[in-house]
A.B. asks: 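Would you mind keeping the following structure in view while I ask a few things?
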Amino acid sequence: MSGDTVSTAHDQTYAPARAARELTLRRREFDLAVRLGHLRTVPDEGGGGRRVTHAELDRLRAQTGFPDLLRARVETVGTREGAELLGVPPGRFTRLARLGVLVPVTFYLNRYRAVVWRYLAEELRQVAATDDNKPLLTGRTPSGLREQLEEGLDLRARNWRGRHLGFLLREADGHPWARAAALASLLDPAQVAEIVPDPYERAQLGRFLPRAAPHGSPGSPTAHLAERIATAVEPDEIDWLRADLAQTVAEARAQEPAPRPTPSTTAPAARLGEDGGTAFGTLPPPPPPPVAVPRAGVTHRPRPRRPRGLLGRLRRAVRHPVPHREAEYGA
């Protein structure tokens with residue numbers, strides 16, 4: 001059996017790379033299909049991430065129009081291609097996206113660390129085919145919306161975070177701490193510490209914290225920019241996430257309390273940060289080992305350390321001289 005398949009009692013599962021090849025999809029197309037809910041995954045019992053069952057692959061391959069239909073559902077375009085699909089200039093397309101009419105599905109950072117938003121081609125075609133959207137595509141932008149644009153309104157990052165949160169909650173599959181971690185991943189760690197003051201509960205959130213898509217090397221300016229995009233900044237967005245996180249943590253606490261170390265056991269390992277702490281702070285130090293208490297009336301004197309090496313042998317020779325051979329056998 002190959003290294004990327006696992007036989008179980010119920011079905012055979014495949015790693016994402018193998019499943020993408022089975023579906024003739026590029027890896028980014030496969031990942032987007034999972035995020036959009038077109039492809040169902042199951043957790044790996046060995047803790048190695050998500051996997052795809054053989055039955056799910058058969059279901060997709062049996063659909064009419066496979067694989068072209070599946071590829072069309074995950075096709076993404078940038079600003080220029082999206083403007084062509086809508087029949088509008090690129091400038092109008094960008095304004096519509098900033099106003100929240102068009103919602104990006106993913107993004108990447110180019111060599112100049114500029115954010116490049118990508119949109120679902122299928123959604124853009126639906127927007128172009130809807131009669132109610134004709135005034136936005138052909139008419140003048142209403143004055144109120146123009147004023148908001150002039151003031152710097154840009155909802156692209158916020159709308160992407162909302163869409164991303166929906167994917168994380170769907171992937172949590174109802175697990176209380178995984179749902180709480182999905183909400184916490186969009187908040188600054190300081191905000192999470194205010195809502196969840198218990199360090200062991202924050203460590204529990206860190207264990208279920210979803211892994212962010214890599215953007216540049218860790219700690220690089222590109223990685224920091226991607227982290228800012230994935231963190232809520234608008235006050236009303238932060239307030240909503242904080243309230244939802246507090247409620248979700250309370251539900252998780254009632255269903256499955258966070259593990260705490262005891263003198264004989266230690267808590268499960270949490271995801272560590274660059275400073276050695278967990279994703280949302282450091283854990284308190286473990287309890288100190290028990291110290292032996294001497295019995296009353298008994299004095300314990302430390303045993304002197306025996307010197308080693310040449311100097312030690314010389315000292316022992318002076319303290320305990322060896323008798324000469326003449327004295328041992330007589331003159």
A.B. asks: Under a 3.5 Å distance rule, please check whether Thr130 uses its side chain to pair with a backbone N or O of Asn133 as donor and acceptor.
C.D. replies: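 No, because the side chain of Thr130 does not come within donor-acceptor range (under 3.5 Å) of the backbone of Asn133.
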A.B. asks: Show every donor-acceptor pair shorter than 3.5 Å between a side-chain atom in residues 88-101 and any protein atom, with sequence neighbours excluded, or say none if there are none.
C.D. replies:
| from | atom 1 | to | atom 2 | distance (Å) |
| --- | --- | --- | --- | --- |
| Arg92 | NH1 | Leu136 | O | 2.7 |
| Arg92 | NH1 | Gly139 | O | 3.0 |
| Arg92 | NH2 | Gly139 | O | 2.8 |
| Thr94 | OG1 | Pro90 | O | 3.1 |
| Arg98 | NE | Leu153 | O | 3.0 |
| Arg98 | NH2 | Leu149 | O | 3.0 |
| Arg98 | NH2 | Leu153 | O | 3.0 |

A.B. asks: Kindly write out the residues that satisfy side chain to side chain donor-acceptor pair (under 3.5 Å) with Asn159, not counting sequence neighbours, or none if the list is empty.
C.D. replies: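 With sequence neighbours excluded, Asn159 shows a side chain to side chain donor-acceptor pair (under 3.5 Å) to no residue whatsoever.
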A.B. asks: If hydrophobic clusters are built from ILVMFWY residues whose side chains come within less than 4.5 Å, do Leu183 and Ile229 share one?
C.D. replies: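 No, it is not one cluster - the side chains of Leu183 and Ile229 are not joined through contacts under 4.5 Å.
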A.B. asks: Mind checking side chain to side chain contact (heavy atoms under 4.5 Å, CB included) for Val116 and listing every partner two or more places apart, or none if nothing turns up?
C.D. replies: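 With sequence neighbours excluded, Val116 shows a side chain to side chain contact (heavy atoms under 4.5 Å, CB included) to Tyr108, Asn110, given in chain and number order.
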A.B. asks: For Glu84, which residues count as a salt bridge (Lys or Arg N to Asp or Glu O under 4.0 Å) partner, sequence neighbours excluded?
C.D. replies: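 Testing Glu84 for salt bridge (Lys or Arg N to Asp or Glu O under 4.0 Å), a comparison that skips the adjacent residues, returns Arg80.
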A.B. asks: Could you check whether any side-chain heavy atom of Asp236 comes within less than 4.5 Å of a side-chain heavy atom of Arg158, counting everything from C-beta outward?
C.D. replies: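 Yes - at least one pair of side-chain heavy atoms lies under 4.5 Å apart.
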A.B. asks: If we only count heavy atoms from C-beta on, is the Arg71 to Arg26 side-chain gap below 4.5 Å?
C.D. replies: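 No, side chains not in contact.
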A.B. asks: Please identify each residue that fulfils salt bridge (Lys or Arg N to Asp or Glu O under 4.0 Å) with Asp154, with sequence neighbours left out.
C.D. replies: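 If we apply the salt bridge (Lys or Arg N to Asp or Glu O under 4.0 Å) test to Asp154, skipping adjacent residues, the hits are Arg156.
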A.B. asks: Do the side chains of Tyr200 and Pro257 get nearer than 4.5 Å, heavy atoms only?
C.D. replies: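 Pro257 does not reach Tyr200 side chain to side chain.
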A.B. asks: Can you measure from NE2 (His164) to CG (Leu169) and round to the nearest 0.5 angstrom?
C.D. replies: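 Rounded to the nearest 0.5 Å, the NE2-CG separation comes out at 10.0 Å.
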A.B. asks: Would you say that Val127 contacts Leu85 through its side chain, given a criterion of any heavy-atom pair below 4.5 Å between the two side chains?
C.D. replies: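 With C-beta onward as the side chain, the pair stays apart.
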A.B. asks: Quick one: salt bridge (charged side-chain N to carboxylate O under 4.0 Å, His left out) pairs with a partner in residues 124-140, sequence neighbours left out?
C.D. replies: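 Of all non-adjacent pairs touching residues 124-140, those that pass salt bridge (charged side-chain N to carboxylate O under 4.0 Å, His left out) are Glu75-Arg125.
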A.B. asks: Looking at CD of Glu227 and OG of Ser185, how far apart are the two atoms once the value is rounded to the nearest 0.5 Å?
C.D. replies: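 Reported value, rounded in 0.5 Å steps: 11.0 Å.
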A.B. asks: Only counting residues at least two apart or in another chain, list the ones meeting side chain to side chain contact (heavy atoms under 4.5 Å, CB included) with Arg61.
C.D. replies: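 Once residues adjacent in sequence are excluded, the partners of Arg61 under the side chain to side chain contact (heavy atoms under 4.5 Å, CB included) criterion are Glu22, Leu23, His54, Leu57, Asp58, Phe66.
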A.B. asks: How would you list, by chain and number, every residue that makes a ring-ring contact (aromatic ring centres under 6.0 Å, His included) with Phe107, sequence neighbours excluded?
C.D. replies: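 ring-ring contact (aromatic ring centres under 6.0 Å, His included) check on Phe107 returns Trp117, Trp160, His215.
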A.B. asks: Without hydrogens or angle criteria, can the side chains of Arg28 and Thr106 be said to hold a donor-acceptor pair below 3.5 Å?
C.D. replies: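 Distance-only check fails for Arg28 and Thr106.
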A.B. asks: Thr64 and Leu69: which non-hydrogen atoms are nearest, and at how many Å?
C.D. replies: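 For Thr64 and Leu69, the tightest heavy-atom pair comes out as O-CD2, 3.5 Å.
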A.B. asks: Among all residues two or more places apart in sequence or in another chain, which pass the salt bridge (Lys or Arg N to Asp or Glu O under 4.0 Å) test with Arg73?
C.D. replies: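 Salt bridge (Lys or Arg N to Asp or Glu O under 4.0 Å) check on Arg73 returns nothing, list empty.
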A.B. asks: Which residues satisfy the side chain to side chain contact (heavy atoms under 4.5 Å, CB included) test with Glu81, sequence neighbours excluded?
C.D. replies: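 Only Val77 meet the side chain to side chain contact (heavy atoms under 4.5 Å, CB included) criterion with Glu81.
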A.B. asks: Are there more than 12 heavy atoms of other residues, nucleotides or ligands under 6.0 Å from atom CD of Glu251?
C.D. replies: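 More than 12 within 6.0 Å, yes.
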A.B. asks: Can you list everything that forms a ring-ring contact (aromatic ring centres under 6.0 Å, His included) with His175? Sequence neighbours excluded, please.
C.D. replies: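 For His175 the ring-ring contact (aromatic ring centres under 6.0 Å, His included) partners, ignoring immediate neighbours, are Phe208.
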A.B. asks: Tell me whether Arg253 is salt-bridged to Glu201, with the criterion being a basic N under 4.0 Å from an acidic carboxylate O.
C.D. replies: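 Salt bridge: yes.
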A.B. asks: Locate the shortest heavy-atom distance separating Gly82 from Leu124; write the atom from each residue and the value.
C.D. replies: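 Taking every non-hydrogen atom into account, CA-CD1, 3.6 Å.
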A.B. asks: With sequence neighbours left out, write down each residue that passes side chain to side chain contact (heavy atoms under 4.5 Å, CB included) with Val105, or none if nothing qualifies.
C.D. replies: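 For Val105, the residues satisfying side chain to side chain contact (heavy atoms under 4.5 Å, CB included) (neighbours in sequence not counted) are Leu32, Leu36, Thr76, Leu120, Arg163.
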A.B. asks: Taking Asp31 first and then Arg27, would you say they form a salt bridge - that is, a charged N and a carboxylate O separated by under 4.0 Å?
C.D. replies: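 Here Asp31 pairs with Arg27 in a salt bridge, since their nearest N and O are under 4.0 Å apart.
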A.B. asks: Trp177 versus Leu205: any side-chain heavy-atom pair under 4.5 Å?
C.D. replies: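 A side-chain contact exists here, since the closest heavy-atom pair is under 4.5 Å.
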